[in-house]
Amino acid sequence: MSVVGRASTVNVVVSDTAEAAGAAAGRAAADVLAKTLEEQSRARVIFASAPSQDQMLRTLGEDARIDWSRVTSLHMDDYLELDPTHPASFGTWLAERLPAPARPGLDRIRQDVDPDSEVRRYSELVAAAPIDLVCLGIGVNGHIAFNEPGDTDFEDSSLVRKIALAHTSRQQQVDEGLFPSLDEVPTHALTLTVPAILSARSLVCTVLGDAKAEAVAATLTGPVTDEVPASAMHTHSDVVVHLDDAAAAQLPEELRSGGRGR
């Protein structure tokens with residue numbers, strides 16, 4: 001187990017409902033992208049693909065300030081050995097939820113090619129220019145992207161890697177209705193590493209539901225450790241975590257009441 005010191009204070013915003021939390025996160029992400037596009041010709045953003053991101057993406061996509069023709073979109077993970085057209089494919093899921101003008105700028109992880117070649121290709125894409133924004137969530141076991149507890153290196157020199165999925169992460173996909181049974185959930189995936197995620201200028205994290213409450217508490221109140229990969233966000237200088245009341249249920253009162261969404 002690796003434990004490192006905290007270098008920043010993560011901003012926490014708690015909203016009464018999942019819809020309100022997602023909308024607040026979407027507005028925060030839109031503010032980052034709008035400011036970036038005021039300052040430079042293009043923006044680069046990495047998205048998570050999960051039900052927790054639905055309302056965030058909807059709110060972001062409705063913001064008239066964003067010129068999506070100037071935005072390059074990437075995503076942070078996807079399954080191996082899954083038909084790219086499968087509705088649970090993260091690239092397909094994301095493409096269906098991004099606004100239409102954003103879809104030409106989405107570069108998907110390829111699931112139907114040699115994984116080692118795709119690791120190299122997608123790593124080159126991530127490294128091609130600075131990342132301005134990452135929109136992410138936290139898994140029920142504290143993972144970010146598919147960086148699993150005990151199988152995560154906060155100092156990984158690679159940007160993308162192949163990983164065996166933890167049982168908890170695979171079960172989460174069933175519990176969230178993305179697959180009908182555990183047997184149908186792939187066992188391996190490609191994922192951006194923690195250093196790749198933390199390379200972004202800003203992080204907007206959205207976490208919803210009581211199933212995530214324990215992971216949220218471990219992330220925000222425990223040590224920075226690879227046993228809770230999401231805790232690495234404490235080493236970043238610009239992070240906001242948007243929660244609904246259910247996801248915030250196990251936080252101390254000062255964190256739950258410190259910032260309220262609208």
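Keep in mind that this is a model prediction, so the values were computed, not measured.
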| task | Answer yes or no: is there a donor N or O on one side and an acceptor on the other, between the side chain of Tyr122 and the main chain of Asp107, under 3.5 Å? | result | yes
| Passes side chain to side chain contact (heavy atoms under 4.5 Å, CB included), Glu81 versus Thr187? Steps please. | CA-CA 9 Å; Glu81 299 178 354; Thr187 58; 5.5 Å; no
| task | Could you tell me whether a side-chain N or O of Ser231 sits under 3.5 Å from a main-chain N or O of Thr225, the two making a donor and an acceptor? | result | yes
| If two hydrophobic side chains count as joined below 4.5 Å and joins carry through other members, does Val140 share a cluster with Leu136? | no
| query | Rounded to the nearest 0.5 Å, how far does CZ of Arg65 lie from CG of Asp63? | reply | 4.0 Å
| message | Could you tell me if the side chain of Val10 sits less than 4.5 Å from the side chain of Leu203, heavy atoms only? | response | no
| request: Determine the minimum heavy-atom distance between Val134 and Ile197, stating which atoms define it. | output: CG2-O, 3.7 Å
| said: Once rounded to the nearest 0.5 Å, what's the spacing between atom NE2 of His86 and atom CH2 of Trp93? | reply: 15.0 Å
| Is there side-chain contact between Leu251 and Thr221, with at least one heavy-atom pair below 4.5 Å? | yes
| task | Ignoring hydrogens and angles, state whether a donor on the side chain of Arg120 or Ser123 is under 3.5 Å from an acceptor on the partner side chain. | result | no
| message | Would you compute the distance between atom SG of Cys135 and atom CG of Leu33 and round it to the nearest 0.5 angstrom? | response | 7.0 Å
| field | Cluster overlap Val216 with Val14, hydrophobic side-chain contacts below 4.5 Å | value | yes
| message | Quick check on the hydrophobic clustering: are Leu178 and Leu57 connected, directly or via other members, by side-chain heavy-atom contacts under 4.5 Å? | response | no
| Side-chain contact, heavy-atom cut-off 4.5 Å: Gln55 with Thr59? | yes
| note | Between Glu118 and the options Asp112, Val113, Asp78, the side-chain contact (heavy atoms from CB on, under 4.5 Å) test singles out Val113
| request: For Glu176, look at atom CD and say whether over 12 heavy atoms of other residues, nucleotides or ligands are found less than 6.0 Å away. | output: yes
| message | Do Phe90 and Ile138 sit in one hydrophobic cluster, given that two such residues count as connected whenever their side-chain heavy atoms are within less than 4.5 Å of each other, even indirectly? | response | no
| For the student: nearest non-hydrogen atoms of Val204 and His242, plus distance | CG1-CD2, 4.3 Å
| query | Checking His75 side chain against Ala95 main chain: does a donor-acceptor pair fall under 3.5 Å? | reply | no
| field | Distance in Å, Thr85 OG1 paired with Gln111 CD, rounded so as to fall on 0.5 Å steps | value | 9.0 Å
| Flag for Ser158-Asp156: side-chain donor and acceptor within less than 3.5 Å | yes
| request: Starting from the C-alpha separation in whole Å, work towards a yes-or-no answer on side chain to side chain contact (heavy atoms under 4.5 Å, CB included) for Thr235 and Phe154. | output: CA-CA 10 Å; Thr235 67; Phe154 288 170; over 6 Å; no
| query | In Å, rounded to the nearest 0.5 Å, how long is the span from OG of Ser169 to CZ of Phe146? | reply | 6.0 Å
| task | Return the orientation label for the Phe179 and Tyr79 ring planes: parallel under 30°, perpendicular over 60°, tilted otherwise. | result | perpendicular
| query | Does one hydrophobic cluster hold both Leu125 and Ile109, with members joined at side-chain heavy-atom distances below 4.5 Å? | reply | yes
| Taking the side chain as C-beta and beyond, is there a heavy-atom pair between Thr17 and Asp244 under 4.5 Å? | no
| query | So does Glu124 pair up with Arg121, basic N to acidic O under 4.0 Å? | reply | no
| task | Answer yes or no: is there a donor N or O on one side and an acceptor on the other, between the side chain of Asn147 and the main chain of Leu192, under 3.5 Å? | result | yes
| message | Would you say CD of Glu214 has more than 12 non-hydrogen atoms from neighbouring residues, nucleotides or ligands within 6.0 angstrom? | response | no
| task | Identify the two heavy atoms, one from Ala88 and one from Leu82, that lie closest to each other, and give their separation to 0.1 Å. | result | C-CD2, 4.2 Å
| message | Using side-chain heavy atoms (C-beta onward) and a distance below 4.5 Å, is Pro130 in contact with Ser199? | response | no
| field | Pair Arg97 + Asp54, salt bridge at N-O below 4.0 Å | value | yes
| request: Please name the pair of heavy atoms, one in Val174 and one in Pro180, separated by the smallest distance, quoted to 0.1 Å. | output: CG1-O, 4.2 Å
| Are Thr36 and Gln40 close enough that a side-chain donor and a side-chain acceptor fall under 3.5 Å? | no
| request: Test Arg161 against Asp151 for salt bridge (Lys or Arg N to Asp or Glu O under 4.0 Å), laying out the working first. | output: CA-CA 11 Å; Arg161 68 185 181 118; Asp151 190 12; 3.5 Å; yes
| Heavy-atom closest pair, residues Leu198 and Met233 | CD2-CA, 4.4 Å
| said: Before you tell me yes or no, could you show the steps for Val45 and Leu60 under side chain to side chain contact (heavy atoms under 4.5 Å, CB included), namely the whole-Å CA-CA distance, both residues' side-chain angles and the distance that decides it to 0.1 Å? | reply: CA-CA 12 Å; Val45 57; Leu60 173 60; 6.0 Å; no
| note | Here the gap from Leu74 atom CG to Ile131 atom CD1, rounded to the nearest 0.5 Å, amounts to 5.5 Å
| message | According to side-chain hydrogen bond (donor to acceptor under 3.5 Å, both in side chains), who are the partners of Lys162, at least two apart in sequence or on a separate chain? | response | none
| remark: All heavy atoms of Gly137 vs all of Ile144, minimum pair found to be O-CG2, 3.5 Å
| Side-chain donor or acceptor of Arg44 paired with backbone N/O of Thr72 under 3.5 Å | no
| request: Could you walk me through whether Val32 and Asp132 pass the side chain to side chain contact (heavy atoms under 4.5 Å, CB included) test, one step at a time? | output: CA-CA 8 Å; Val32 172; Asp132 299 295; 5.5 Å; no
| message | Could you tell me if Asp226 and Thr152 have a donor-acceptor pair between their side chains, going purely by distance under 3.5 Å? | response | no
| said: When you compare the side chains of Arg108 and Thr92, does any donor N or O come within less than 3.5 Å of an acceptor on the partner? | reply: yes
| field | Gln173 side chain to Arg170 side chain, donor-acceptor N/O pair below 3.5 angstrom | value | no
